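Taking it in order: structure first as structure tokens, then the write-up.
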Amino acid sequence: MPDIRISPRGVACPWLSWIRWSRLIGLFLLCLFMVAVISHIYLTDINSDPTDGQKLRIPLQTDEDESQIRKLNQEIKSLRKIKASVNNELRDMESKRQKLQSQISGYQKQIDILSAQIETSEKEIKSTQLTLEQLKLEKSEMDKQYLPILKAPIKMLMGENSNIKLPMPFDGQRCKMHSCFDFSRCSVFSGFPVYFYDSEKDLNIGELVPFLKNGIDEYFEENLYRTFDPSTACIFVAIVGQQINRITYSGLEKSLEKLPFWHGDGRNHILINLMRDENADIDIFGGANTGRAIIVQSPFVKTIFRSEFDIVIPPNVGKAFGDVWEELPPISPIRRKHFLSFIGSFKGKVQFQNGEQTDEQISNVEDSVISFLKNIQLKLDPEIFIKFSCDTIIPGAINGEYSMCQSDESRHELLKQSTFALIISPANESYVSTNIFQLRFYEALKYGAIPVILGDQVTLPYMEILDWKKATVILPKARLTEFHFILRTFTDTAMATMRRTGRYYFETYFSSTQSILDTALALIRTRLNIPPAPISDMKSPSVFDNNSYVDYKYEEVNPENDEILGPLEAVFPSVKFSNNFTQNVFYHKFTQTGDPFRNYPFTPFEHVLPSESKFIGSGYGFRPIGKGEGGAGKEFSEALGGNLPREQFTLVMLTYERSNVLITALQRLKGLPFLNKAVVVWNNPAPPTPDLKWPDIGVPIHVIKTTKNSLNNRFLPYDVIETEAILSIDDDAHLRHDEIVFGFRVWREERDRIVGFPGRFHAWDVKNNAWLYNSNYSCELSMVLTGAAFFHKYYAYMYSYVMPAAIREKVDEYVNCEDIAMNFLVSHITRKPPVKVTSRWTFRCPGCPQTLSNDRSHFEERHKCINFFVKVYGYMPLLYTQYRVDSVLFKTRLPHDKQKCFKFI
């Protein structure tokens, strides 16, 4: 192909004229190819993964540019890692979302099922409520059908407004309650209202001696049964005892007839002669016509005394009110200096009535008595002190009776040194009781000499209700030659029991004007089968102004024990018998202002039906809770067991300036079975702080505001305590739930005793002749501390109202010993030792503040307390025991399928 040349003349660039076109086109194509290759390489570097080790090629050659490139590469790597992590999280969240969606679907199905169940349950509840209402209606109808119709007793005498004198029974001296008493005024629901006459104004028979007048006025003011409305009165009481001026029979009879409610014959009247001087008239009512009035006095002529109608009382020679333990000698030693003592001088001849006796017969009998007693003293028993002559004779003895001799001090000292005191009944059998005889009997009981009554024709005070065989030896004079042998057969234990019973009889029924009047009225009330007035519970003011129970401010606490120790039940009180008409419940063991047989809200222990003697308030006739098939493990845990209906207990915790310890102790009660409520006795003078966080333990917590800081507050019978069982526990005592439940089970089998955990004992210090308190580990014990113990609420009443006030005062003085005082009281009443459960002997409270028991003087004070309490009671009532109680299957090897019992220590 020929070359093509461009003329220089026709082009702008003449230098191109020498280039051929084929070469120019090839060069152009080569440039396009190079551009494409370079672009491809550049784009490939940008999209390539940095992990391949390739780096971004940037046509920068400076060190600064290379540094920036490295930083950019690092940031790119970080961003890519973040991207991968976010992708992974998104995948996980999607998986969780799908799972939650599945769970929501399942929950929705459950909600639908539960909604259907709720509808069914609501229908069942409505049906049950209707059935319950129907059963209540049926019960009401049954009660109306079978409830006995109660009406007032039938009027056997003429109307109360009639002053017509009714004829006496055929034999006036055979007057009995059914023939001479108007029961229509004394319904069993009346409450035994008593109207007291003003002896000086209404009787107009002279002024009473000052001591008697002051004592009677105070007694009238405090009497529980007093009424000022004579129209509602059951009985009318007139005290016509010892006046300053002598009373004539005619003047007394006219004064009685003028009484505004005498009604012509003295029906339902009680005439009381409180003799205070052995020289007083033998029988102030002997020559007066007293009609149907009941006569109450010490001396009685046989022809005047109406058995089971009139009442013989002891002479009123003691104090007006109060305890008399300071005047009494101790019961021990049992055997005193003189085995038997008597001092007296036989007075004159007997004036006989109806020719029943002769002077010769009386003389022979009394000569035989004197001769035999002297012979015993001289030849057989030098320990006997008998004297039939007197340097000083005390007037007041009737003819045929042994006069009292010597001064009061010498007689009392002789009795304090005598094991037995001989009392020879009057030879004149026309008397059933005389002042001198009753005074001898009174002094023997007071000074601890067991009375030995020779002659069984006399009547002792309150013989209708008191079993004098438990405190005295009564023999006919025909046993004169054998009585010394009989006395020598008495063991020390028998004599101690008789002396202790005699002391109790004296303190309760003889010691003061109050006790004499209380007992006389209580005896009449008992004849009428009217229950005594119940004693009042102690009010329980709350420390909180607006609510009696605490407002829970603390988060819910978990139960301390996951074992099934018993069912968690709704709160319910024990059964009370405030008006118990059961026979034999009227004779109460201890005196109380207004009535020595006063009714406590719970039946006294020794006066219930024999089948209920250990189970107070048990609801006799109820089916036992136990199945009668034994059982262990689950069966034992789910049932309370025993032979009583289900019941609960109240926890009483005393605290003082230890709020944190208190709250911790309350928290431990969460889930405790059979707990009715927790009662906190707040002994602090300042109320709890508003920010104090009270735990919700599932039962009410009542915080009681006390009037003073006293350890006696622990045992007050608060009205918020609605159960018979009380668990007294310190705020620093840590007990497991299974221990508490087991202690409650044991207490239900020993309801009349203290049942608890830490044991203590008393010991005799031979060197110092005193009692000591001991807390060392021992094989025996005599006390269970009430810092962790169960007891019956009955003992709270006895501790607060009946136990001598001197003991409570000593507790306040030492700020100590209240637990010892409670052990003394219960052992004194029951004559049984306490019951210890499990092997616990002490309690540990890490982190607790200093306690009273850590004080050096603590044990010294407890030594003093024991000796003081022994002085008050007159003897050591504590009894030793050498066993403790554990569960039936304690340390018993059981089959594998039965190993579900409690884990007891």
Side-chain angles (χ1 to χ4, degrees), residues 215 218-219 222 318-332 445-448 471 496 499-519 535-536 538 588-598 600 604-605 708 710-717 754 762 770-771 773 782-783 786 791-831 861-879:
E218 185 175 353
Y219 177 79
E222 298 181 0
K319 58 198 305 185
F321 290 89
D323 299 326
V324 295
W325 61 267
E326 294 179 290
E327 303 174 8
L328 308 181
I331 293 176
S332 61
L445 290 176
K446 181 175 182 179
Y447 296 107
R499 187 173 295 164
R500 185 174 60 248
T501 303
R503 179 183 174 117
Y504 155 64
Y505 281 177
F506 178 83
E507 289 184 292
T508 306
Y509 309 114
F510 282 54
S511 60
S512 64
T513 303
Q514 173 194 0
S515 61
I516 293 173
L517 293 175
D518 281 347
T519 307
I535 197 168
S536 299
M538 179 66 65
H588 197 276
K589 186 171 182 179
F590 281 85
T591 185
Q592 173 62 26
T593 301
D595 196 337
F597 311 143
R598 192 170 181 182
Y600 293 80
F605 293 103
K708 66 176 182 177
S710 172
L711 293 179
N712 292 315
N713 294 335
R714 178 196 296 270
F715 300 128
L716 288 173
I754 297 177
H762 67 289
W771 293 102
Y773 171 85
S782 59
M783 292 175 281
T786 55
F791 63 90
H792 201 288
K793 189 179 179 182
Y794 171 82
Y795 294 122
Y797 295 97
M798 303 302 290
Y799 184 98
S800 303
Y801 300 128
V802 177
M803 186 180 70
I807 295 180
R808 295 190 295 273
E809 293 170 359
K810 185 63 67 174
V811 169
D812 287 336
E813 176 184 347
Y814 286 149
V815 193
N816 198 346
C817 307
E818 84 287 355
D819 47 0
I820 300 177
M822 177 58 81
N823 277 270
F824 266 69
L825 174 67
V826 177
S827 295
H828 173 64
I829 295 174
T830 64
R831 303 305 303 135
E861 292 172 349
R862 293 174 85 80
H863 298 328
K864 295 177 181 178
C865 284
I866 285 185
N867 287 281
F868 178 76
F869 296 165
V870 168
K871 184 177 180 182
V872 172
Y873 282 102
Y875 74 111
M876 168 53 77
L878 297 180
L879 299 172

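Computed from a prediction, not measured in an experiment: that's the story for all the values here.
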Can you sort out the partners of [X] under side-chain hydrogen bond (donor to acceptor under 3.5 Å, both in side chains), two or more places apart, ordered by chain and number?
{"X": "Thr501", "value": "none"}
{"X": "Ser827", "value": "none"}
{"X": "Tyr447", "value": "His412"}
{"X": "Tyr873", "value": "none"}

message = Between Tyr219 and Asp518, does the side-chain contact (heavy atoms from CB on, under 4.5 Å) criterion hold? Intermediate values first, please.
response = CA-CA 9 Å; Tyr219 177 79; Asp518 281 347; 2.8 Å; yes
Closest approach of [X] to [Y] (non-hydrogen atoms, all atoms of both residues):
{"X": "Thr519", "Y": "Thr508", "result": "OG1-O, 4.2 Å"}
{"X": "Arg500", "Y": "Ile331", "result": "CA-CD1, 3.7 Å"}
{"X": "Ser782", "Y": "Leu878", "result": "O-CD2, 3.9 Å"}
{"X": "Pro804", "Y": "Trp325", "result": "CB-CD1, 4.4 Å"}
{"X": "Ile807", "Y": "Ala821", "result": "CG2-CB, 3.7 Å"}

Considering residues at least two apart in sequence or located in another chain, which fulfil the ring pair (Phe, Tyr, Trp, His ring centres under 6.0 Å) criterion with [X]?
{"X": "Tyr814", "answer": "none"}
{"X": "Phe715", "answer": "Phe791, Tyr799"}
{"X": "His762", "answer": "Trp771, Tyr880"}

Expected output: side-chain Asp323 to main-chain Ala805 donor-acceptor under 3.5 Å =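 Flag set: sc Asp323 to bb Ala805 pair under 3.5 Å.
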query = Okay, side chain of Arg503, backbone of Pro329: is any donor-acceptor separation there less than 3.5 Å?
reply = yes
message = List the residues meeting side chain to side chain contact (heavy atoms under 4.5 Å, CB included) with Glu327, not counting sequence neighbours, and say none if there are none.
response = Lys319, Val324, Lys446
query = Residues two or more places apart in sequence or in another chain: which of them pass side chain to side chain contact (heavy atoms under 4.5 Å, CB included) with Ser800?
reply = Leu716, Pro717
request  = List the steps, then state whether side-chain contact (heavy atoms from CB on, under 4.5 Å) holds for Tyr773 with Ile820.
outcome  = CA-CA 9 Å; Tyr773 171 85; Ile820 300 177; 3.9 Å; yes
task = Hey, can you tell me if Tyr794 and His792 have their rings parallel, tilted or perpendicular (30° and 60° cut-offs)?
result = perpendicular
message = Classify the ring geometry of Phe869 against Phe824: parallel below 30°, tilted from 30° to 60°, perpendicular beyond 60°.
response = perpendicular
query = Can you list every pair that meets salt bridge (charged side-chain N to carboxylate O under 4.0 Å, His left out) and has a residue in residues 797-817, with sequence neighbours left out?
reply =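 Residue pairs passing salt bridge (charged side-chain N to carboxylate O under 4.0 Å, His left out), neighbours aside: Lys708-Asp812, Lys810-Glu813.
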query = Can Glu222 and Phe321 be said to form a side-chain contact (heavy atoms from CB on, under 4.5 Å), step by step?
reply = CA-CA 11 Å; Glu222 298 181 0; Phe321 290 89; 4.3 Å; yes
request  = Report yes if some heavy atom in the side chain of Ile754 is under 4.5 Å from a heavy atom in the side chain of Met783; otherwise report no.
outcome  = no
ask   = Given side chains that start at C-beta, do those of Arg862 and Asp819 come closer than 4.5 Å, heavy atoms only?
value =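 Yes. Closest side-chain heavy atoms under 4.5 Å.
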Rounded to the nearest 0.5 Å, how far does [atom2] of [Y] lie from [atom1] of [X]?
{"X": "Cys817", "Y": "Asn823", "atom1": "SG", "atom2": "CG", "result": "11.5 Å"}
{"X": "Glu218", "Y": "Gln514", "atom1": "CD", "atom2": "CD", "result": "8.5 Å"}
{"X": "Met798", "Y": "Leu825", "atom1": "CE", "atom2": "CG", "result": "6.5 Å"}

request  = Tell me, please, which residues at least two apart from Arg714 pass salt bridge (charged side-chain N to carboxylate O under 4.0 Å, His left out).
outcome  =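 Arg714 satisfies salt bridge (charged side-chain N to carboxylate O under 4.0 Å, His left out) with Asp730, Glu818 once adjacent residues are dropped.
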inquiry  = Let's go through Tyr509 and Ser515 carefully: what are the C-alpha distance in whole Å and the side-chain angles of both, what is the deciding distance for side-chain contact (heavy atoms from CB on, under 4.5 Å) to 0.1 Å, and is it a yes or a no?
reply    = CA-CA 5 Å; Tyr509 309 114; Ser515 61; 5.8 Å; no
